[in-house]
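As structure tokens, the structure follows; a few thoughts come after it.
Here the structure is a predicted model, which is why all the values come from computation and not from measurement. Order of the sequence lines fixes the chain letters, A, B, ..., with proteins taken first and strands second; residue numbering starts at 1 for each chain.
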Amino acid sequence: MNNTTRPTLLILLGPTGVGKTALSIKIANHFQTEIISCDSRQLFKEMQIGTAVPEDEMLKQIPHHFIQSNSIFGNYNAARFETEVLERLEKLFAVHPVVLMTGGSMLYIDVVCKGIDDLPDVDPELRATLMERMKEEGIERLRAELKLLDPVYYHEVDLRNPVRIVHALEICYTTGKPFSSQRTKTAKQRAFNILKIGLNRDRTELYNRINSRVDEMMAAGLVEEARSLYPYRELNTLNTVGYRELFDYFDGNCSLEEAIEKIKANSRKYARKQLTWFRKDPDIHWFHPDQEAEILHLITN
RNA sequence: GGUGCCAUAGCUCAGUUGGUAGAGCAACGGACUGAAAAUCCGUGUGUCCCUAGUUCGAUUCUUGGUGGCACCA
């Protein structure tokens with residue numbers, strides 16, 4: 001196979017607040033291409049301030065995809081992201097030899113690069129029922145059920161993680177087959193080359209940026225945005241850093257100052273979690289966001 | 001200036017009837033293929049302010065400092 005004739009998906013990733021957005025505009029300009037956002041929360045048009053969506057002028061400068069494109073009232077997941085991004089990429093690659101994908105949603109990045117198993121959609125009713133049973137009957141009962149339906153997965157799964165157990169049961173019930181028998185554990189092949197560029201910076205520097213960005217969100221009206229979403233707080237999508245802490249404040253569980261501190265701390269925690277995930281990916285080429293020249297050199301060679 | 005109280009982890013503090021010490025938060029690490037900014041798991045990181053005593057042994061008791069707080073002048 002001749003790789004030089006294949007288009008390239010350039011992926012710019014890194015922890016929240018590291019400075020991906022600014023650099024992505026420069027790179028996209030350089031290649032005269034478009035940007036696919038890989039952010040599981042910027043997808044939703046109702047969440048703008050709290051997810052640090054790029055400013056309007058940036059969005060006007062370069063066409064962006066998968067940003068503010070969906071509603072929190074619909075169902076979204078990683079599998080759907082895979083399908084939609086691949087479709088979009090096919091169209092974009094017809095015009096651009098290089099397309100840039102930017103974002104920090106770890107699973108979503110992996111899904112575009114390696115794919116996700118082909119499983120049926122889960123009926124929201126079934127999920128609600130299982131979660132209800134988890135609450136009523138306790139995790140042991142559902143564990144025992146999983147052991148019966150899928151002993152293989154039972155021995156692999158983190159038995160203390162309710163979400164994992166529920167999901168396995170969901171698949172067992174909707175397909176009538178063990179979940180484990182449908183897990184391929186192999187990466188899908190892509191018709192394009194992938195180049196991953198990771199951005200990171202000194203931890204203190206990163207944390208300062210995260211903290212001040214939260215202050216900027218507050219100044220931009222995050223409280224008002226969160227208040228308008230407060231009635232829908234039960235939606236999974238709104239179980240997100242920056243919103244759930246303010247919901248707590250609206251409930252009277254803490255002061256506004258405490259909520260803000262909590263948002264900062266949880267954002268820092270999220271950044272750490274992202275780094276943990278990225279660390280084990282050997283394909284990532286790491287840079288400081290200021291190393292523009294070095295990054296362009298790597299890309300064009 | 002006088003009197004009293006305080007000084008222990010990055011922060012707020014607990015504790016040791018004298019045998020070198022923990023909680024919360026923060027921090028740090030890990031898992032993770034259909035909720036993923038989700039969900040789950042793990043780790044104490046310390047001149048117990050300094051000094052000199054008493055003692056087998058002092059972070060703990062005593063002396064003298066230093067710093068902080070409160071009250072009185």
**OP:** Give one of base, sugar-phosphate or nothing for A/Thr186, where a contact means two heavy atoms less than 4.0 Å apart.
**Re:** base
Subject >> Whole-angstrom distance between B/A7 and B/C49, as gauged at atom P >> reply: 8 Å
**OP:** Write down the distance between CD1 (A/Ile72) and P (B/A35), rounded to a whole number of angstrom.
**Re:** 17 Å
Original post:
Does A/Arg164 make a side-chain N or O approach to OP1 or OP2 of B/U33 shorter than 4.0 Å?
Top reply: no
Original post:
On a whole-Å scale, what distance lies between the P atoms belonging to B/U43 and B/G24?
Top reply: 12 Å
**OP:** Between A/Asn236 and A/Asn266, just flag the one whose closest nucleotide in RNA chain B comes earlier from the 5' side.
**Re:** A/Asn266
Subject >> Residue pair A/Tyr270 / A/Gln274, side-chain donor-acceptor N/O under 3.5 Å >> reply: yes
Original post:
Rounded to whole angstroms, how far apart are CG on A/Leu238 and C1' on B/A35?
Top reply: 12 Å
Original post:
Do the side chain of A/Tyr243 and the main chain of A/Gly50 share a donor and acceptor less than 3.5 angstrom apart?
Top reply: yes
**OP:** Give a yes/no answer on whether the side chain of A/Asn77 brings an N or O atom under 4.0 Å of OP1 or OP2 in B/U33.
**Re:** no
**OP:** Grab the NZ-P distance between A/Lys269 and B/G29 for me, whole Å please.
**Re:** 13 Å
Subject >> For B/U60, the Watson-Crick or wobble partner whose two distances fall under 3.5 Å >> reply: none
Subject >> Under 3.5 Å on both distances, the Watson-Crick or G-U partner of B/G46 >> reply: none
Original post:
Hey, does the side-chain of A/Arg41 have a donor or acceptor N/O within less than 3.5 Å of a partner on the base of B/A38?
Top reply: no
Original post:
Checking all strands, does A/Met134 fall into the base, sugar-phosphate, or nothing category for heavy-atom contacts under 4.0 angstrom?
Top reply: nothing
Original post:
Donor-acceptor pair under 3.5 Å: do we get one between A/Lys188's side chain and the base of B/U33?
Top reply: no
**OP:** Indicate whether the side chain of A/Asp251 and that of A/Tyr230 have a donor and an acceptor atom separated by less than 3.5 Å.
**Re:** yes
Subject >> Nucleotide B/A36, atom C1' - distance to CD of A/Gln42 in whole Å >> reply: 15 Å
Original post:
In whole angstroms, how far is the C1' atom of B/G24 from the CD atom of A/Glu261?
Top reply: 16 Å
Original post:
Between A/His64 and A/Glu34, do the side chains contain an N or O donor and an N or O acceptor separated by less than 3.5 Å?
Top reply: no
**OP:** Sticking with atom C1', work out how far B/G30 lies from B/C11, rounded to a whole angstrom.
**Re:** 26 Å
Original post:
Quick one: is B/A27 close enough that its OP1 or OP2 comes under 4.0 Å of any side-chain N or O from A/Arg272?
Top reply: yes
Original post:
More 5' along RNA chain B: A/Asp110 or A/Arg160, using each one's nearest nucleotide?
Top reply: A/Asp110
**OP:** Provide, to the nearest angstrom, the distance between the NE2 atom belonging to A/His167 and the P atom belonging to B/A36.
**Re:** 12 Å
Original post:
Watson-Crick or G-U wobble partner for B/A31, using a 3.5 Å limit on both distances?
Top reply: B/U39
Subject >> Under 3.5 Å donor-acceptor pair, A/Asp121 side-chain atoms to B/G34 base atoms >> reply: yes
Original post:
Is A/Arg80 touching bases, backbone alone, or none of the nucleic acid, heavy atoms closer than 4.0 Å?
Top reply: nothing
**OP:** For A/Asp39, report the nucleic acid contact type (base, sugar-phosphate, nothing); a contact means any heavy atom under 4.0 Å.
**Re:** base
**OP:** Describe the nucleic acid contact of A/Asp117 in one word from base, sugar-phosphate, nothing, applying a heavy-atom distance below 4.0 Å.
**Re:** base
Original post:
Between the side chains of A/Glu205 and A/His288, is a donor N or O closer than 3.5 angstrom to an acceptor N or O?
Top reply: yes
Original post:
Is A/Lys185 salt-bridged to A/Glu156, going by a charged N under 4.0 Å from an acidic O?
Top reply: yes
**OP:** Please measure how far the P atom in B/G29 lies from the corresponding atom in B/G19, and state the result in whole Å.
**Re:** 36 Å
Original post:
Is the shortest side-chain N/O distance from A/Tyr207 to OP1 or OP2 of B/C28 below 4.0 Å?
Top reply: yes
Original post:
Touch check for A/Thr51, heavy atoms < 4.0 angstrom, all strands: base, sugar-phosphate only, or nothing?
Top reply: base
Original post:
Hey, are A/Gln61 and A/Asn29 close enough side-chain-wise for a donor-acceptor pair under 3.5 Å?
Top reply: yes
**OP:** Go through B/C40, B/A38, B/U33 for me and flag the one nearest to the A/Leu107 side chain.
**Re:** B/U33
**OP:** Using a 4.0 Å heavy-atom cut-off across all strands, classify A/Gly50 as base, sugar-phosphate, or nothing.
**Re:** base
**OP:** Have a look at A/Ser105 and say if it touches a base, only the backbone sugar-phosphate, or nothing, with a 4.0 Å heavy-atom cut-off.
**Re:** sugar-phosphate
Subject >> Nucleotide paired to B/C25 in any strand shown, Watson-Crick or G-U, under 3.5 Å >> reply: B/G10
**OP:** Could you check how far CG of A/Asn161 sits from C1' of B/U33, rounded to whole Å?
**Re:** 14 Å
Subject >> Flag for A/Tyr173-A/Glu145: side-chain donor and acceptor within less than 3.5 Å >> reply: yes
Subject >> Whole angstrom value for the distance that separates P of B/U33 from CD1 of A/Ile116 >> reply: 9 Å
Original post:
When we call it a touch if two heavy atoms are under 4.0 Å apart, what does A/Tyr108 touch: a base, just sugar-phosphate, or nothing?
Top reply: sugar-phosphate
Subject >> Nearest-Å distance once atom C1' is located in both B/G44 and B/G15 >> reply: 16 Å
Original post:
Under 4.0 Å between a side-chain N/O of A/Lys273 and OP1 or OP2 of B/A38, yes or no?
Top reply: yes
Original post:
According to a strict under-4.0 Å criterion, is A/Arg203 in side-chain N/O contact with OP1 or OP2 of B/C28?
Top reply: yes
Original post:
Would you say A/Arg127 reaches B/G34's phosphate, i.e. side-chain N/O to OP1/OP2 under 4.0 Å?
Top reply: no
Original post:
With a 4.0 Å cut-off on heavy atoms, is A/Lys262 in touch with a base, just the backbone sugar-phosphate, or nothing at all?
Top reply: sugar-phosphate
**OP:** Would you check if there is a donor-acceptor pair between the side chains of A/Asn75 and A/Arg80 at a distance under 3.5 Å?
**Re:** no
**OP:** Report the base-pairing partner of B/G1 (Watson-Crick or G-U wobble, both distances below 3.5 angstrom), or none.
**Re:** B/C72
Original post:
Using atom C1' of each nucleotide, how far apart are B/U66 and B/G57 to the nearest Å?
Top reply: 27 Å
Original post:
If we take the C1' atom in both B/G67 and B/A31, what is their distance in whole Å?
Top reply: 47 Å
Subject >> B/A27 phosphate, OP1 or OP2, under 4.0 Å from A/Arg268 side-chain N/O >> reply: yes
**OP:** With P as the reference atom in both, quote the distance from B/U20 to B/C6 in angstrom, rounded to an integer.
**Re:** 24 Å
